[in-house]
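Here's the structure we're looking at; comments come further down.
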Amino acid sequence: MVDTAGLRAEQIEKAQQIVSSDDLGFTEPQWIAGVDVGFEEQGTITRAAIAVLSYPALELVEYQIARIPTSLPYIPGLLSFRECPALVAAWQQLKHKPQLVFVDGQGIAHPRRLGVASHFGLLVNVPTIGVAKSRLCGSHPPLADVVGALEPLMDKSEQIGWVWNSKPRCKPLYISLGHRISQETALSWVKRCMRSYRLPEPTRSADAIASRRPAFIRWQAEHPS
DNA sequence: GCGACAG
DNA sequence: ATCTTGTCGC
(Lines give C-alpha, C1' and ligand atoms only; values in the text may rest on other atoms or scores of the structure.)
Protein backbone atom coordinates (compact mmCIF):
# COMPACT_ATOMS: atom_id res chain seq x y z
CA MET A 1 0.00 0.00 0.00
CA VAL A 2 1.06 3.56 0.59
CA ASP A 3 3.10 4.91 3.47
CA THR A 4 0.87 7.93 3.97
CA ALA A 5 2.40 8.81 7.32
CA GLY A 6 5.86 8.94 5.76
CA LEU A 7 4.67 11.10 2.88
CA ARG A 8 2.98 13.52 5.25
CA ALA A 9 6.19 13.80 7.26
CA GLU A 10 8.06 14.52 4.04
CA GLN A 11 5.62 17.30 3.22
CA ILE A 12 6.17 18.96 6.58
CA GLU A 13 9.92 18.98 5.97
CA LYS A 14 9.70 20.28 2.41
CA ALA A 15 7.19 22.95 3.40
CA GLN A 16 9.95 24.51 5.48
CA GLN A 17 11.85 25.19 2.26
CA ILE A 18 9.03 27.05 0.52
CA VAL A 19 9.81 30.71 -0.17
CA SER A 20 6.64 32.74 0.27
CA SER A 21 8.06 36.11 -0.78
CA ASP A 22 8.92 37.43 -4.23
CA ASP A 23 12.07 35.88 -5.64
CA LEU A 24 10.94 35.91 -9.24
CA GLY A 25 14.18 36.69 -11.02
CA PHE A 26 12.42 38.84 -13.63
CA THR A 27 10.66 42.14 -14.10
CA GLU A 28 8.62 41.09 -17.10
CA PRO A 29 8.53 37.36 -17.82
CA GLN A 30 9.11 36.25 -21.38
CA TRP A 31 7.35 32.92 -20.93
CA ILE A 32 4.71 31.74 -18.50
CA ALA A 33 3.70 28.08 -18.36
CA GLY A 34 0.70 26.12 -17.23
CA VAL A 35 1.00 22.50 -16.09
CA ASP A 36 -1.70 19.87 -15.66
CA VAL A 37 -2.19 16.13 -15.85
CA GLY A 38 -4.63 13.75 -17.44
CA PHE A 39 -4.90 9.96 -17.31
CA GLU A 40 -4.94 7.04 -19.72
CA GLU A 41 -5.73 3.34 -19.50
CA GLN A 42 -8.12 3.56 -16.56
CA GLY A 43 -5.71 5.77 -14.70
CA THR A 44 -2.72 3.45 -14.96
CA ILE A 45 -0.85 6.03 -17.02
CA THR A 46 -0.36 9.61 -15.89
CA ARG A 47 -0.04 12.09 -18.74
CA ALA A 48 1.53 15.42 -17.79
CA ALA A 49 1.37 18.43 -20.05
CA ILE A 50 3.19 21.75 -19.88
CA ALA A 51 2.07 24.64 -22.06
CA VAL A 52 4.52 27.51 -22.47
CA LEU A 53 2.91 30.79 -23.45
CA SER A 54 4.62 34.02 -24.48
CA TYR A 55 3.96 37.04 -22.29
CA PRO A 56 2.10 39.35 -22.63
CA ALA A 57 0.70 37.91 -25.88
CA LEU A 58 -0.25 34.65 -24.13
CA GLU A 59 0.25 32.61 -27.28
CA LEU A 60 1.33 28.98 -27.17
CA VAL A 61 5.01 28.74 -28.11
CA GLU A 62 5.79 25.20 -26.96
CA TYR A 63 4.25 22.25 -25.21
CA GLN A 64 5.62 18.98 -23.90
CA ILE A 65 3.88 15.82 -22.80
CA ALA A 66 5.26 13.06 -20.59
CA ARG A 67 3.59 9.70 -19.94
CA ILE A 68 4.55 7.84 -16.77
CA PRO A 69 3.03 4.77 -15.04
CA THR A 70 0.79 5.98 -12.24
CA SER A 71 2.49 5.19 -8.94
CA LEU A 72 -0.10 6.35 -6.44
CA PRO A 73 -3.90 6.53 -6.18
CA TYR A 74 -5.55 9.86 -5.56
CA ILE A 75 -5.42 10.65 -1.85
CA PRO A 76 -6.61 14.10 -0.71
CA GLY A 77 -3.60 15.96 0.63
CA LEU A 78 -1.06 13.78 -1.17
CA LEU A 79 -1.81 14.78 -4.74
CA SER A 80 1.68 16.08 -5.45
CA PHE A 81 3.26 12.65 -4.98
CA ARG A 82 0.92 11.30 -7.64
CA GLU A 83 1.46 14.08 -10.18
CA CYS A 84 4.98 15.45 -9.74
CA PRO A 85 6.93 12.57 -11.29
CA ALA A 86 5.21 13.07 -14.65
CA LEU A 87 5.29 16.86 -14.36
CA VAL A 88 9.04 16.89 -13.71
CA ALA A 89 9.59 14.56 -16.68
CA ALA A 90 7.69 16.95 -18.95
CA TRP A 91 9.63 19.89 -17.49
CA GLN A 92 12.96 18.31 -18.41
CA GLN A 93 11.84 18.05 -22.03
CA LEU A 94 11.23 21.80 -22.35
CA LYS A 95 13.33 23.87 -24.75
CA HIS A 96 11.90 27.12 -23.36
CA LYS A 97 12.15 27.25 -19.56
CA PRO A 98 9.38 29.56 -18.26
CA GLN A 99 10.08 32.14 -15.56
CA LEU A 100 6.69 31.55 -13.89
CA VAL A 101 4.45 28.48 -13.70
CA PHE A 102 0.72 28.10 -13.04
CA VAL A 103 -0.17 24.75 -11.49
CA ASP A 104 -3.64 23.18 -11.48
CA GLY A 105 -4.15 22.67 -7.74
CA GLN A 106 -3.27 24.27 -4.42
CA GLY A 107 -0.02 25.98 -3.47
CA ILE A 108 0.29 26.51 0.29
CA ALA A 109 -3.49 26.32 0.74
CA HIS A 110 -2.89 22.80 1.98
CA PRO A 111 -3.10 21.10 5.41
CA ARG A 112 0.71 20.97 5.66
CA ARG A 113 1.37 23.91 3.33
CA LEU A 114 2.70 21.81 0.46
CA GLY A 115 0.13 21.48 -2.28
CA VAL A 116 1.18 20.29 -5.74
CA ALA A 117 2.05 23.81 -6.89
CA SER A 118 4.46 24.30 -3.99
CA HIS A 119 5.95 20.83 -4.29
CA PHE A 120 6.55 21.17 -8.02
CA GLY A 121 8.05 24.65 -7.66
CA LEU A 122 10.46 23.33 -5.07
CA LEU A 123 11.46 20.32 -7.19
CA VAL A 124 12.36 22.35 -10.28
CA ASN A 125 13.22 25.57 -8.43
CA VAL A 126 10.86 27.88 -10.31
CA PRO A 127 8.29 30.44 -9.10
CA THR A 128 4.84 28.82 -9.04
CA ILE A 129 1.22 29.77 -8.39
CA GLY A 130 -1.51 27.34 -7.41
CA VAL A 131 -4.83 27.88 -9.19
CA ALA A 132 -7.44 25.38 -7.98
CA LYS A 133 -11.02 24.90 -9.08
CA SER A 134 -12.22 23.85 -5.66
CA ARG A 135 -11.25 24.11 -2.02
CA LEU A 136 -9.07 21.66 -0.12
CA CYS A 137 -8.91 23.36 3.26
CA GLY A 138 -9.44 26.71 4.91
CA SER A 139 -12.50 28.91 5.10
CA HIS A 140 -13.56 32.34 3.94
CA PRO A 141 -16.34 34.93 4.24
CA PRO A 142 -19.24 34.57 1.80
CA LEU A 143 -18.17 35.76 -1.63
CA ALA A 144 -20.18 38.62 -3.16
CA ASP A 145 -22.01 37.50 -6.30
CA VAL A 146 -20.14 39.83 -8.63
CA VAL A 147 -17.16 39.34 -10.93
CA GLY A 148 -13.96 40.29 -9.19
CA ALA A 149 -15.28 39.56 -5.72
CA LEU A 150 -12.32 38.61 -3.54
CA GLU A 151 -11.93 37.12 -0.08
CA PRO A 152 -8.89 35.80 1.73
CA LEU A 153 -8.80 32.03 2.25
CA MET A 154 -8.05 31.52 5.93
CA ASP A 155 -6.87 28.69 8.13
CA LYS A 156 -7.28 29.78 11.74
CA SER A 157 -5.75 33.26 11.68
CA GLU A 158 -3.39 32.63 8.80
CA GLN A 159 -4.12 33.66 5.24
CA ILE A 160 -3.26 30.74 2.98
CA GLY A 161 -4.68 32.07 -0.28
CA TRP A 162 -7.52 33.86 -2.04
CA VAL A 163 -10.98 32.99 -3.28
CA TRP A 164 -11.74 34.99 -6.40
CA ASN A 165 -14.72 35.25 -8.74
CA SER A 166 -13.00 35.25 -12.12
CA LYS A 167 -16.13 35.02 -14.28
CA PRO A 168 -19.90 35.60 -13.99
CA ARG A 169 -21.99 32.60 -12.94
CA CYS A 170 -18.92 30.42 -12.43
CA LYS A 171 -17.54 28.87 -9.29
CA PRO A 172 -14.65 30.90 -7.83
CA LEU A 173 -10.96 30.13 -8.17
CA TYR A 174 -8.80 29.22 -5.17
CA ILE A 175 -5.46 30.95 -5.64
CA SER A 176 -2.42 30.45 -3.45
CA LEU A 177 1.30 31.05 -3.71
CA GLY A 178 3.28 27.99 -4.68
CA HIS A 179 6.95 28.93 -4.33
CA ARG A 180 9.17 32.03 -4.62
CA ILE A 181 6.28 34.49 -4.88
CA SER A 182 4.13 36.43 -2.41
CA GLN A 183 0.39 35.94 -2.17
CA GLU A 184 -0.24 39.48 -3.45
CA THR A 185 1.99 39.01 -6.48
CA ALA A 186 0.51 35.57 -7.15
CA LEU A 187 -2.97 37.07 -7.37
CA SER A 188 -1.79 39.89 -9.63
CA TRP A 189 -0.21 37.48 -12.12
CA VAL A 190 -3.34 35.37 -12.29
CA LYS A 191 -5.32 38.50 -13.10
CA ARG A 192 -2.83 39.50 -15.79
CA CYS A 193 -3.23 36.13 -17.51
CA MET A 194 -7.02 36.14 -17.77
CA ARG A 195 -8.70 36.16 -21.19
CA SER A 196 -12.45 36.01 -20.56
CA TYR A 197 -12.68 32.40 -19.32
CA ARG A 198 -12.91 31.08 -15.79
CA LEU A 199 -9.32 29.83 -15.80
CA PRO A 200 -6.19 31.85 -16.64
CA GLU A 201 -4.69 31.08 -20.06
CA PRO A 202 -1.64 29.08 -18.93
CA THR A 203 -3.89 26.73 -16.95
CA ARG A 204 -6.47 26.53 -19.71
CA SER A 205 -3.88 25.61 -22.33
CA ALA A 206 -2.28 22.97 -20.15
CA ASP A 207 -5.68 21.46 -19.41
CA ALA A 208 -6.60 21.39 -23.09
CA ILE A 209 -3.41 19.50 -23.89
CA ALA A 210 -3.40 17.15 -20.89
CA SER A 211 -7.04 16.20 -21.42
CA ARG A 212 -6.91 16.33 -25.22
CA ARG A 213 -9.74 18.83 -25.54
CA PRO A 214 -11.13 19.58 -29.02
CA ALA A 215 -9.53 23.03 -28.85
CA PHE A 216 -6.08 21.47 -28.63
CA ILE A 217 -6.78 18.83 -31.27
CA ARG A 218 -7.75 21.64 -33.65
CA TRP A 219 -4.75 23.76 -32.74
CA GLN A 220 -2.51 20.76 -33.38
CA ALA A 221 -4.02 20.20 -36.84
CA GLU A 222 -3.45 23.83 -37.77
CA HIS A 223 0.16 23.90 -36.63
CA PRO A 224 2.25 21.36 -38.60
CA SER A 225 5.64 20.21 -37.21
C1' DG B 1 -16.58 9.84 16.78
C1' DC B 2 -18.12 12.39 12.33
C1' DG B 3 -17.53 14.83 8.25
C1' DA B 4 -14.45 16.98 4.65
C1' DC B 5 -11.53 15.95 1.09
C1' DA B 6 -6.98 19.70 -4.78
C1' DG B 7 -7.06 16.16 -9.10
C1' DA C 1 -9.40 12.95 -12.61
C1' DT C 2 -12.74 10.23 -16.06
C1' DC C 3 -17.20 8.44 -18.30
C1' DT C 4 -20.84 11.39 -21.44
C1' DT C 5 -26.26 14.15 -24.24
C1' DG C 6 -28.82 17.14 -23.89
C1' DT C 7 -29.96 21.29 -21.97
C1' DC C 8 -30.47 25.70 -19.41
C1' DG C 9 -28.86 30.52 -19.35
C1' DC C 10 -26.21 34.52 -20.91
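We name chains A, B, ... by the order of the sequence lines, and we start the count at 1 in each one.
Every pair passing salt bridge (Lys or Arg N to Asp or Glu O under 4.0 Å) that includes a residue from residues 152-166 of chain A is listed here, sequence neighbours excluded: A/R113-A/D155, A/R113-A/E158. Under the side chain to side chain donor-acceptor pair (under 3.5 Å) criterion, the residue pairs touching residues 114-127 of chain A are A/K14-A/H119, A/S80-A/H119, A/N125-A/R180, with sequence neighbours excluded. Evaluation of the salt bridge (Lys or Arg N to Asp or Glu O under 4.0 Å) test over residues 124-135 of chain A, restricted to residues two or more places apart or in two chains, returns A/D104-A/K133. Every pair tested for salt bridge (Lys or Arg N to Asp or Glu O under 4.0 Å) that includes a residue from residues 72-92 of chain A fails, sequence neighbours excluded, so the list is empty. Annotation: salt bridge (Lys or Arg N to Asp or Glu O under 4.0 Å) contacts involving residues 54-79 of chain A, sequence neighbours excluded, comprise A/E40-A/R67.
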Test side-chain contact (heavy atoms from CB on, under 4.5 Å) applied to A/V116 and A/L87, step by step: CA-CA 10 Å; A/V116 62; A/L87 290 177; 4.3 Å; yes
Please test A/T4 against A/R8 for side chain to side chain donor-acceptor pair (under 3.5 Å), starting from the C-alpha separation and ending with a verdict. CA-CA 6 Å; A/T4 58; A/R8 287 173 185 245; 4.9 Å; no
Return a single string for nucleotides 5-10 of chain C, one symbol per nucleotide in 5' to 3' order, where B is base contact, S is sugar-phosphate-only contact and - is none, cutoff 4.0 angstrom on heavy atoms. -----S
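Judged as a side chain to side chain contact (heavy atoms under 4.5 Å, CB included), and not counting sequence neighbours, the contacts of A/H110 are A/Q11, A/R112, A/L136. Among residues two or more places apart in sequence or in another chain, the side chain to side chain contact (heavy atoms under 4.5 Å, CB included) test is passed with A/Q93 by A/Q64, A/A66. Evaluation of the side chain to side chain donor-acceptor pair (under 3.5 Å) rule for A/R212 yields no partner, not counting sequence neighbours.
Pairing analysis of DNA chain C (Watson-Crick: purine N1 to pyrimidine N3 plus N6-O4 or O6-N4; G-U wobble: N1-O2 and O6-N3; both under 3.5 Å) yields no stem of 3 or more pairs.
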For nucleotides 2-7 of chain B, which of its nitrogen or oxygen atoms have a protein nitrogen or oxygen under 3.5 Å away, and what is each distance?
{"residue": "B/dC5", "atom": "OP1", "partner": "A/R135", "partner atom": "NH2", "Å": "2.9"}
{"residue": "B/dA6", "atom": "OP2", "partner": "A/Y74", "partner atom": "OH", "Å": "2.5"}
{"residue": "B/dA6", "atom": "N7", "partner": "A/G77", "partner atom": "N", "Å": "3.1"}
{"residue": "B/dA6", "atom": "N6", "partner": "A/G77", "partner atom": "O", "Å": "3.1"}
{"residue": "B/dA6", "atom": "N6", "partner": "A/L78", "partner atom": "N", "Å": "3.3"}
{"residue": "B/dA6", "atom": "N6", "partner": "A/L79", "partner atom": "N", "Å": "3.1"}
{"residue": "B/dA6", "atom": "N6", "partner": "A/H110", "partner atom": "NE2", "Å": "3.4"}
{"residue": "B/dA6", "atom": "N1", "partner": "A/V116", "partner atom": "N", "Å": "3.1"}
{"residue": "B/dA6", "atom": "N3", "partner": "A/Q106", "partner atom": "N", "Å": "3.3"}
{"residue": "B/dG7", "atom": "OP1", "partner": "A/K133", "partner atom": "N", "Å": "2.8"}
{"residue": "B/dG7", "atom": "OP2", "partner": "A/S134", "partner atom": "OG", "Å": "2.9"}

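Separation of atoms CD1 (A/I209) and CZ (A/R204) is listed at 11.5 Å; rounding is to 0.5 Å.
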In dot-bracket, 5' to 3', how would DNA chain B read with Watson-Crick or G-U wobble pairs under 3.5 Å, [ ] for crossing ones and | for pairs to another strand? .......
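The neighbour count for A/E184 CD, taken as heavy atoms of other residues, nucleotides or ligands under 6.0 Å away, is above 12.
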